[in-house]
Amino acid sequence: MNRAFDIGIESLAATTSSGAGPAPSCAPEPARRGAPAAKSFYIETFGCQMNDHDSEKVAGVLLGRGYRPAETPADADLLLYNTCSIREKAAQKVFSRLGDFKAAARDRGKVVGVLGCVAQQEGEEIFERAPWVSLVCGSASYRRLPELVAQIESGGRRVTGLDLDTDETFETELTRRDNPIRAYLTIIEGCDYSCAYCVVPRTRGPERSRSSASILGEVRRLAGAGYTEIQLLGQTVNSYRDPSARGLNFAGLLVAVAAVPGIRRVRFTTSHPSDFTREIIEAIDATPALCDHIHLPVQSGSTRILRSMRRTYTRQAYLDKISWIRAARRPISITSDVIVGFPGETEADFEETLTLLDAAQFDGVFSFKFSPRPNTPAQHMDSTISEVEQGRRLAVLQEHQRQIQLARNQKLVGSEHEVLVDSHHAARNQWAGRTSGNRIVNFTSPHLSLLGEYIQARVVRAGPNSLVGEHVS
Ligand code: SAM
Ligand code: SF4
């Protein structure tokens with residue numbers, strides 16, 4: 001049994017750099033001299049897994065300064081909003097949420113900070129729109145957080161960290177791990193692509209990779225702490241280039257991570273099609289610990305729209321990579337992202353996206369209506385598609401994909417899969433977990449404690465988004 005439920009904090013300081021040292025400490029480091037005793041913090045996170053993991057590292061920085069976590073925003077002295085601005089709705093939510101804490105900041109002296117993409121995008125404007133905010137820090141400046149928090153502790157108002165021109169990554173002495181089953185680990189930050197619709201290059205800065213020694217050291221510490229599943233993160237995770245003399249490429253890093261004793265599953269997201277190589281598939285084929293799932297966003301099935309999106313590949317080049325993956329010795333599930341209603345997308349372009357779904361046979365798709373974002377080339381493009389038409393295309397696409405998923409999942413009925421159990425619904429006595437291919441399997445079991453266990457399940461029923469299994473062993 002190899003479970004990680006007691007893990008709250010992963011401490012770099014508690015282990016040797018080879019990772020062969022004692023298990024990570026679960027206690028925060030003592031407060032530094034001069035830091036206010038027992039101030040509390042609460043972090044609310046919007047957006048993607050990278051934001052979730054950034055929040056884990058920010059929490060680690062604060063724990064290292066002697067802060068304690070608060071149960072609710074109302075109990076916290078320091079309230080942080082880690083924000084997402086990938087689509088307009090996400091960014092709007094942040095300002096409405098900040099409004100909820102105006103009175104608490106003004107009347108009860110709470111310190112409110114905005115982190116992440118909205119912080120980077122709006123910068124000091126946030127102080128104008130929400131004057132009760134004291135800290136604005138974009139994700140490219142998180143390495144400066146200890147210094148920024150120190151400024152706040154000594155009474156600073158309007159403290160900012162907004163530099164983008166960095167070649168450093170955000171590495172922390174402590175990381176609070178919020179997911180007891182799966183450990184996230186950022187291997188590459190920022191993005192050097194310039195997709196016409198996307199804010200990421202402006203909010204997260206240029207691409208920079210962590211050294212393989214630092215990544216492997218962290219994986220060893222996580223394995224020592226009981227984690228068996230690691231998810232490597234990056235906006236274009238497969239563009240990874242080891243900056244150290246070892247010079248591993250992404251496939252080489254995958255193999256090295258999977259070889260760390262104790263690691264049974266390695267996932268990675270998000271892969272960019274242009275950097276997707278046969279070597280990655282060969283690594284998955286040869287290495288059982290590399291999960292058989294690839295998330296490969298296509299965005300559109302029309303080469304004309306892909307060009308207008310500045311996506312750097314054609315429909316055919318994308319489909320060629322899908323056929324490499326389908327030719328692998330192990331069945332590998334493939335998921336994708338699609339944007340509908342990009343400016344200039346005709347009915348014929350949209351039809352090409354539907355036929356690409358048929359050709360690719362994805363196991364899951366995240367689909368979005370195009371949302372114009374500030375300071376992106378697509379913001380002021382002509383031939384916009386009405387909200388109503390975008391909604392119609394989204395519904396058509398989702399129904400089309402639902403049928404594909406249902407048919408693919410139904411073919412799995414009768415097959416057996418290894419499932420890592422990650423949740424339990426006590427009232428229904430129902431357990432759920434994921435296969436290596438990232439499919440959700442729900443099942444019942446007389447066992448009382450399965451969280452974090454690997455079990456074998458046989459699929460007995462299939463829906464479009466999940467499977468129902470029976471616990472075999
Ligand atoms: N780096 C990944 C890639 O190259 O595909 C994407 C990362 S982005 C955070 C996640 C997804 O959000 C994208 O794949 C895209 O489908 C969607 N997205 C990004 N900007 C968008 C926009 N302006 N409107 C709608 N969807 C958007
Ligand atoms: Fe955004 Fe494109 Fe970079 Fe992905 S590759 S983060 S979509 S700019």
Side-chain angles (χ1 to χ4, degrees), residues 48-49 86-87 195 197-198 231 235-238 267-278 280-281 284-285 290-303 305-306 309 311-342 345 349-370 390 392-413 415 417 434-441 459 462-467:
C48 61
Q49 284 158 338
I86 202 85
R87 284 169 291 278
C195 303
Y197 49 82
C198 183
Q231 179 152 347
Q235 291 296 340
T236 57
V237 73
N238 57 328
R267 300 187 182 281
F268 54 91
T269 195
T270 296
S271 296
H272 192 289
S274 297
D275 291 328
F276 196 82
T277 60
R278 284 186 192 271
I280 299 171
I281 303 167
I284 295 176
D285 256 344
L290 296 180
C291 285
D292 39 36
H293 170 221
I294 293 164
H295 184 63
L296 198 64
V298 63
Q299 314 299 359
S300 169
S302 151
T303 295
I305 293 297
L306 288 171
M309 287 176 164
R311 275 301 277 183
T312 70
Y313 53 85
T314 60
R315 170 192 173 97
Q316 191 52 51
Y318 182 89
L319 285 174
D320 288 348
K321 298 205 172 181
I322 295 293
S323 45
W324 300 352
I325 301 172
R326 295 287 179 223
R329 287 189 294 279
R330 293 166 72 187
I332 297 176
S333 50
I334 311 174
T335 54
S336 195
D337 294 347
V338 172
I339 297 176
V340 298
F342 189 75
E345 185 189 70
D349 293 315
F350 176 61
E351 283 293 325
E352 285 201 76
T353 299
L354 297 180
T355 57
L356 183 130
L357 298 187
D358 294 331
Q361 291 287 302
F362 294 123
D363 297 283
V365 168
F366 297 93
S367 47
F368 311 100
K369 293 190 239 175
F370 165 70
Q390 285 190 329
R392 186 193 69 81
R393 290 183 192 179
L394 189 70
V396 169
L397 181 131
Q398 289 179 343
E399 179 51 27
H400 199 87
Q401 178 58 26
R402 203 181 81 85
Q403 296 300 335
I404 291 172
Q405 281 171 219
L406 186 60
R408 287 185 69 74
N409 284 349
Q410 278 173 345
K411 285 193 193 136
L412 296 175
V413 172
S415 60
H417 299 264
R434 286 183 188 258
T435 64
S436 167
N438 214 30
R439 284 190 166 81
I440 296 170
V441 180
V459 179
N465 299 313
S466 62
L467 307 172

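If you read the sequence from its start, that first residue is 1, and numbering goes on from there. What you see below is based on every heavy atom in this structure, not just the backbone, and it leaves out hydrogens, waters and symmetry mates. Computed from a predicted structure; not experimentally measured.
- Partners of Phe370 according to the ring pair (Phe, Tyr, Trp, His ring centres under 6.0 Å) rule, which considers only residues two or more places apart in sequence or in another chain, are Phe342.
- Applying the salt bridge (Lys or Arg N to Asp or Glu O under 4.0 Å) criterion to Asp275, with sequence neighbours excluded, gives no partner residue.
- When the side chain to side chain donor-acceptor pair (under 3.5 Å) test is applied to Arg434, the partners found at least two apart in sequence or on another chain are Asn438.
- Residues passing the side chain to side chain donor-acceptor pair (under 3.5 Å) test with Asp285, sequence neighbours excluded: none.
- Between Thr269 atom OG1 and His293 atom NE2 the span is 7.0 Å, to the nearest 0.5 Å.
- Partners of Ser274 under the side chain to side chain donor-acceptor pair (under 3.5 Å) rule, at least two apart in sequence or in another chain, are Thr312.
- For Glu352, the side chain to side chain donor-acceptor pair (under 3.5 Å) criterion is met by no residue, not counting sequence neighbours.
- Remark: side-chain polar atoms of Glu399 are not paired, donor with acceptor, to backbone N or O of Ala395 under 3.5 angstrom.
- In this view, Asp292 and Arg330, Ile332, Ser436 satisfy the side chain to side chain contact (heavy atoms under 4.5 Å, CB included) rule, not counting sequence neighbours.
- Scanning for side chain to side chain contact (heavy atoms under 4.5 Å, CB included) contacts around Arg392 gives Glu347, Glu389, Val396, with sequence neighbours left out.
- Partners of Arg408 under the salt bridge (Lys or Arg N to Asp or Glu O under 4.0 Å) rule, at least two apart in sequence or in another chain, are Asp363.
- Residues satisfying the side chain to side chain contact (heavy atoms under 4.5 Å, CB included) criterion with Ala359, sequence neighbours excluded, are Leu319.
- Taking His295 as the reference, Phe366 meet the ring pair (Phe, Tyr, Trp, His ring centres under 6.0 Å) condition, with sequence neighbours excluded.
- When the ring pair (Phe, Tyr, Trp, His ring centres under 6.0 Å) test is applied to Phe368, no partner is found at least two apart in sequence or on another chain.
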